[in-house]
Amino acid sequence: MANIIELNSLSDVISRYDGFIIDLQGVIHDGDKIYPNSLNALKYLKENEKKVVFLANSSRRVKDMAIKLKQIGVERELYDGILTSGEVIYHDLKSKVEPFFQKLGRKYYYIGSNKNRLAFESAGYDYVSDLSFADFIVIGDIIDKDDMVNNYIPMFQEALSRSLPMVCADPDRISMISGNIPIMGPGYVAEKYSKMGGYVFFRGKPKSESFNYCLEGMGISDKSKILVIGDGFETDIIGGHY
């Protein structure tokens with residue numbers, strides 16, 4: 001097991017690293033407002049010429065996330081890039097490089113907000129509002145804070161009767177809404193479908209692909225020179241050890 005070191009500030013370790021992979025909600029902002037000290041930390045990193053990439057489990061596309069960051073006060077010069085699980089899934093769907101995506105069919109049923117669904121429109125698939133016409137399911141986000149996983153069982157039973165695969169664009173088991181209020185995450189719902197016997201394709205943290213994409217974007221080949229900063233053990237901490 002790695003040694004646990006208590007840190008007082010970034011200045012304790014900044015000289016050891018060339019790049020920083022940083023989570024967003026819960027680290028940079030609370031869903032509505034930026035944390036003032038996080039903004040100061042980003043400025044400190046750029047003043048010291050460090051590479052900064054934001055990595056988030058979110059069904060949002062990168063362009064939408066950049067707009068959100070600017071709205072809360074994170075200017076573009078404070079980071080080198082953003083990657084979201086939704087962005088990776090979008091390109092997976094569009095490119096169809098992997099055999100799984102080549103076999104999906106054209107029609108998808110979406111679980112989540114209409115706003116996030118629209119981000120997938122140009123990937124080359126047709127959205128259907130009736131599950132009975134779908135070739136596969138995409139789950140992006142949970143929009144009702146009082147939603148319960150058992151509410152999805154009838155839908156999943158129908159989907160299982162037709163062996164519909166599911167694509168999970170945000171694997172977080174717990175999500176945060178405005179003000180850092182925890183709610184059931186899409187990853188938890190997707191996991192339920194998997195336990196019922198459905199096939200689910202996940203992207204995002206803690207899978208190594210997302211971190212590798214960030215490394216490629218930074219142009220830093222030595223992983224020991226990268227520090228991952230996050231607030232989730234199952235996502236940021238475990239993923240950061242890959």
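These figures come from a predicted structure and were not determined experimentally. Heads up: numbering here begins at 1 and tracks the sequence. Worth knowing before you read on, the calculation uses all heavy atoms, side chains too, and leaves out hydrogens, waters and symmetry mates.
Without hydrogens or angle criteria, Asp135 side chain to Leu104 main chain gives no donor-acceptor distance under 3.5 Å. Side-chain N or O atoms of Ser85 include one that pairs as donor or acceptor with a backbone N or O of Ser58 at under 3.5 Å. Lys50 contributes a side-chain N or O that, together with a main-chain N or O of Ile14, makes up a donor-acceptor pair within less than 3.5 Å.
With hydrogens and angles left out, the side-chain atoms of Asn116 and Ser59 include a donor and acceptor closer than 3.5 Å. A donor and an acceptor atom, one from each side chain of Tyr90 and Ser122, are located under 3.5 Å apart.
A cation-pi contact links Lys96 to Tyr125, judged by a cut-off of 6.0 Å to the six-membered ring centre and 45° from its axis. Cation-pi geometry between Arg76 and Tyr79 is met: under 6.0 angstrom from the ring centre, within 45 degrees of the axis.
Within a 6.0 Å radius of CD1 in Ile174, other residues, nucleotides and ligands contribute 12 heavy atoms or fewer. Around the OH atom of Tyr188, the shell of radius 6.0 Å holds no more than 12 heavy atoms that belong to other residues, nucleotides or ligands. Around atom NZ of Lys192, no more than 12 heavy atoms belonging to other residues, nucleotides or ligands sit under 6.0 Å away. Heavy atoms of other residues, nucleotides or ligands lying less than 6.0 angstrom from CD of Glu98 number more than 12.
The distance from the CD1 atom of Ile229 to the CD1 atom of Ile237 is 10.0 Å, given to the nearest 0.5 Å. In this structure, the separation between CD1 on Ile143 and OG on Ser113 is 6.5 Å, given to the nearest 0.5 Å. Taking CG from Leu227 and CG from Leu10, the interatomic distance works out to 7.5 Å, rounded to the nearest 0.5 Å.
Exactly one of Lys70, Lys43, Lys46 qualifies for a salt bridge (charged side-chain N to carboxylate O under 4.0 Å, His left out) with Glu75. That residue is Lys70. For the pairing with Lys205, the salt bridge (charged side-chain N to carboxylate O under 4.0 Å, His left out) check across Asp172, Asp170, Asp23 returns one residue only, Asp23. Each of Arg61, Lys94, Arg60 was scored for a salt bridge (charged side-chain N to carboxylate O under 4.0 Å, His left out) with Glu87, with one residue passing: Arg61.
Between Phe201 and Phe101, the ring centre distance stays below 6.0 Å. Ring centroid separation for the pair Tyr199 and Phe100 comes in under the 6.0 Å cut-off.
Hydrophobic cluster membership is shared by Val200 and Ile139, with clusters built from Ile, Leu, Val, Met, Phe, Trp and Tyr side chains linked at under 4.5 angstrom. If you chain together hydrophobic residues whose side chains sit under 4.5 Å apart, Val52 and Val74 fall into the same group.
Annotation: ring-ring contact (aromatic ring centres under 6.0 Å, His included) contacts of Tyr44 (sequence neighbours excluded): none.
Contact annotation: the side chain of Ile28 approaches that of Leu42 to within less than 4.5 Å [non-hydrogen atoms, C-beta and beyond].
Listed by first then second residue, pairs satisfying side chain to side chain donor-acceptor pair (under 3.5 Å) with a partner in residues 155-168 number zero, not counting sequence neighbours.
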